[in-house]
There are 2 protein chains.
Amino acid sequence: MTSVDEPARSNGRIRDAARTRAEILDVATREFARAGYDGARVDEIAARTRTTKRMIYYYFGGKEQLFTAVLERAYGVIREAEQQLDVEHLDPVAAIRRLAEVTFDHHERHPDFIRLVSIENIHGAEHIAASEELARIGSPALDVIRRILAAGQESGLFTADVDAVDLHAMISSFCFFRVANRHTFGALFGRDLIAPEQREHYRTMLGDMVIAYLTAERSAR
Amino acid sequence: MTSVDEPARSNGRIRDAARTRAEILDVATREFARAGYDGARVDEIAARTRTTKRMIYYYFGGKEQLFTAVLERAYGVIREAEQQLDVEHLDPVAAIRRLAEVTFDHHERHPDFIRLVSIENIHGAEHIAASEELARIGSPALDVIRRILAAGQESGLFTADVDAVDLHAMISSFCFFRVANRHTFGALFGRDLIAPEQREHYRTMLGDMVIAYLTAERSAR
DNA sequence: CGGCTAATGTACGAACCAGTACGTTAGTCA
DNA sequence: TGACTAACGTACTGGTTCGTACATTAGCCG
């Protein structure tokens, strides 16, 4: 019980600033996503780390800053994914559909990120505002959308009056809602929006919706 | 300081169970929506009421049950609004557009409700699950959608393979996202989705999107 | 009109929780 | 190799926060 557990290390202590920091961020991401900002416990995060609470304050300064750091990393991940977007060799219709699918997949694969964004919205995006990094950078996907839209509009495939930010909002809405509101929607309507057997259905539905919107002749109201 | 403030009442105390209960619910709704479940303070709710914390526990039992009661009332409001939906005299296209607009308006007018739903999702919809009332009742809007869809599909106006729950999800996604993610979206993309001058734009966009989806011939993927 | 109960108020406790004071050690570099 | 600092651990505190024990009163009903 005293020193029988750890294999080789002198006293269980290893120094690795980068690893410790990263581990705290990992655990904090899960804990904040699990319980919300106020529901998350600094002690709980510390307990799930191989280090102590002291280190959280040593590296991040406090709970608020820790949450901001968690957000920064989470947004960093999605930005990276968007940078690897390679759809501009496709025709505009296929490109938009592919973009929608990639967004769909990313939301599905990162429910913790969705929860963090929900939480941040509850708090009025104050942590994003407090972060130079997050306030600075935009979304690589936006540029891609902008170019595809321009191509599609020029060729007459798409209706003219659509804006990249709006289209991004439209696509994100559906993807976000499906993950974020999974629980209440399931409880109230008896349908699990994340059920694997429905996945392809909703993925297609999103693509159909976006393409229909972009290619429809705006008829009479 | 001792008894100089209140005008007529014997000792400032008036007994009105219904009013007290309702007042607690009102204040609690705002406080929960403001700060989230764990961020909300029972003492703060009590302080903003004309009664004391003791009454919260007297009427509701605890913080959890209070939140559940808040949710029940919030969902009750939207259910009522949906019951007054009168669109079935319109042709299917106009009816769906009208339905989308009503949903849009309701979301915009009740940001607190949206926040409560976000919060409830963070907590896995456990309060809805714990509420017989909420688990029982569905959505009046769903029946309306079902009937409009059937009419539209029968007349050949709408493509056949659309389900009422899915369409409801589609419409809600957009309306919900716009309100719920207003802050992060604004911070990251510099566009306020709730800005009054954009309101008509997004309202039309939603209608166009839904109608385009319902009336498009599903072309090749 | 007296008593009974629903409704209300006060004061307090115990647990919890973010943050810190202070002490220790590992690794590096002169 | 010794000393210096970055990295780490322990133990504690002060304030907060949910919840409750206990006391009180308003209003109704018989």
Side-chain angles (χ1 to χ4, degrees), chain A residues 1-3 5-28 31-32 34-70 119 123 126-127 130, chain B residues 1-3 5-25 27-28 31-32 34-70 119 123 126-127:
Chain A
M1 224 193 243
T2 12
S3 63
D5 30 59
E6 285 301 320
R9 308 189 220 144
S10 63
N11 199 16
R13 249 205 235 178
I14 288 183
R15 310 214 149 186
D16 188 342
R19 196 193 57 74
T20 301
R21 226 189 100 100
E23 193 180 349
I24 291 173
L25 270 183
D26 275 345
V27 174
E31 172 71 359
F32 279 124
R34 184 187 67 79
Y37 178 78
D38 291 288
R41 299 288 161 238
V42 177
D43 283 298
E44 182 64 22
I45 295 171
R48 293 186 188 278
T49 316
R50 265 171 293 183
T51 183
T52 65
K53 186 165 60 160
R54 179 69 185 78
M55 287 300 97
I56 293 175
Y57 289 88
Y58 183 70
Y59 283 113
F60 298 97
K63 193 181 180 183
E64 296 266 357
Q65 295 99 307
L66 175 59
F67 186 69
T68 303
V70 163
I119 292 160
H123 294 89
E126 61 181 17
H127 303 93
Chain B
M1 229 195 238
T2 12
S3 62
D5 32 56
E6 285 301 319
R9 307 190 222 147
S10 63
N11 199 16
R13 250 204 236 179
I14 288 182
R15 311 213 147 185
D16 187 341
R19 197 193 56 74
T20 302
R21 226 189 101 100
E23 194 180 349
I24 292 173
L25 270 184
V27 175
E31 172 71 359
F32 279 123
R34 184 186 66 80
Y37 178 78
D38 290 288
R41 299 287 161 240
V42 176
D43 282 298
E44 182 65 22
I45 295 170
R48 293 186 188 278
T49 315
R50 265 172 293 182
T51 183
T52 64
K53 185 166 58 160
R54 180 70 184 77
M55 288 298 97
I56 293 175
Y57 288 89
Y58 183 71
Y59 283 113
F60 298 96
K63 192 181 180 182
E64 296 266 357
Q65 296 99 306
L66 175 60
F67 185 69
T68 303
V70 163
I119 292 160
H123 293 89
E126 60 180 18
H127 303 93

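This structure is a prediction, so every number in the text was calculated from the model and none was measured. We name chains A, B, ... by the order of the sequence lines, and we start the count at 1 in each one.
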Is the phosphate of [N] approached by [X] (side-chain N or O, under 4.0 Å from OP1 or OP2)?
X        : N       : answer
Thr51(A) : dG9(D)  : yes
Thr52(A) : dT10(D) : no
Tyr59(A) : dC8(D)  : yes
Thr20(A) : dA7(D)  : no

Distance criterion of 3.5 Å, no angle test: do you see the side chain of [X] paired donor-to-acceptor with the base of [N]?
X        : N       : value
Lys63(B) : dG19(D) : no
Lys53(B) : dG19(D) : yes
Arg15(A) : dA6(D)  : yes

Distance col, row Tyr59(B):OH vs Thr20(B):OG1, nearest 0.5 angstrom, shows 5.0 Å
To the nearest 0.5 Å, atom CD of Glu23(A) lies from atom CE of Met55(A) at 12.5 Å
Round to the nearest Å and state the distance from [X] atom [atom1] to [N] atom [atom2].
X        : N       : atom1 : atom2 : result
Phe60(B) : dC18(D) : CZ    : P     : 16 Å
Arg21(A) : dC8(D)  : CZ    : C1'   : 16 Å
Asp16(B) : dC28(D) : CG    : C1'   : 15 Å
Tyr58(B) : dT25(D) : OH    : P     : 17 Å
Met55(B) : dG19(D) : CE    : C1'   : 14 Å
Ile56(A) : dG9(D)  : CD1   : C1'   : 13 Å
Arg54(B) : dT24(D) : CZ    : P     : 15 Å
Glu23(B) : dA7(C)  : CD    : P     : 16 Å

For Lys63(A), the side chain to side chain donor-acceptor pair (under 3.5 Å) test, sequence neighbours excluded, returns none
Residues passing the side chain to side chain donor-acceptor pair (under 3.5 Å) test with Arg54(A), sequence neighbours excluded, are none
Out of dG9(D), dA6(D), dA18(C), minimum distance to the side chain of Tyr57(A) belongs to dA18(C)
- With distance as the sole test, does Glu31(A) use its side chain to make a donor-acceptor pair with the main-chain N or O of Arg41(A) at under 3.5 Å? yes
Contact check, residues 35-46 of chain B vs DNA chain D, heavy-atom distance under 4.0 Å, returns Ala40(B), Arg41(B), Val42(B), Asp43(B)
- Are the ring centres of Tyr37(B) and His127(B) closer than 6.0 Å? yes
Problem set entry | Neighbour count >12 (heavy atoms, 6.0 Å) for atom CZ, Arg19(A) | yes
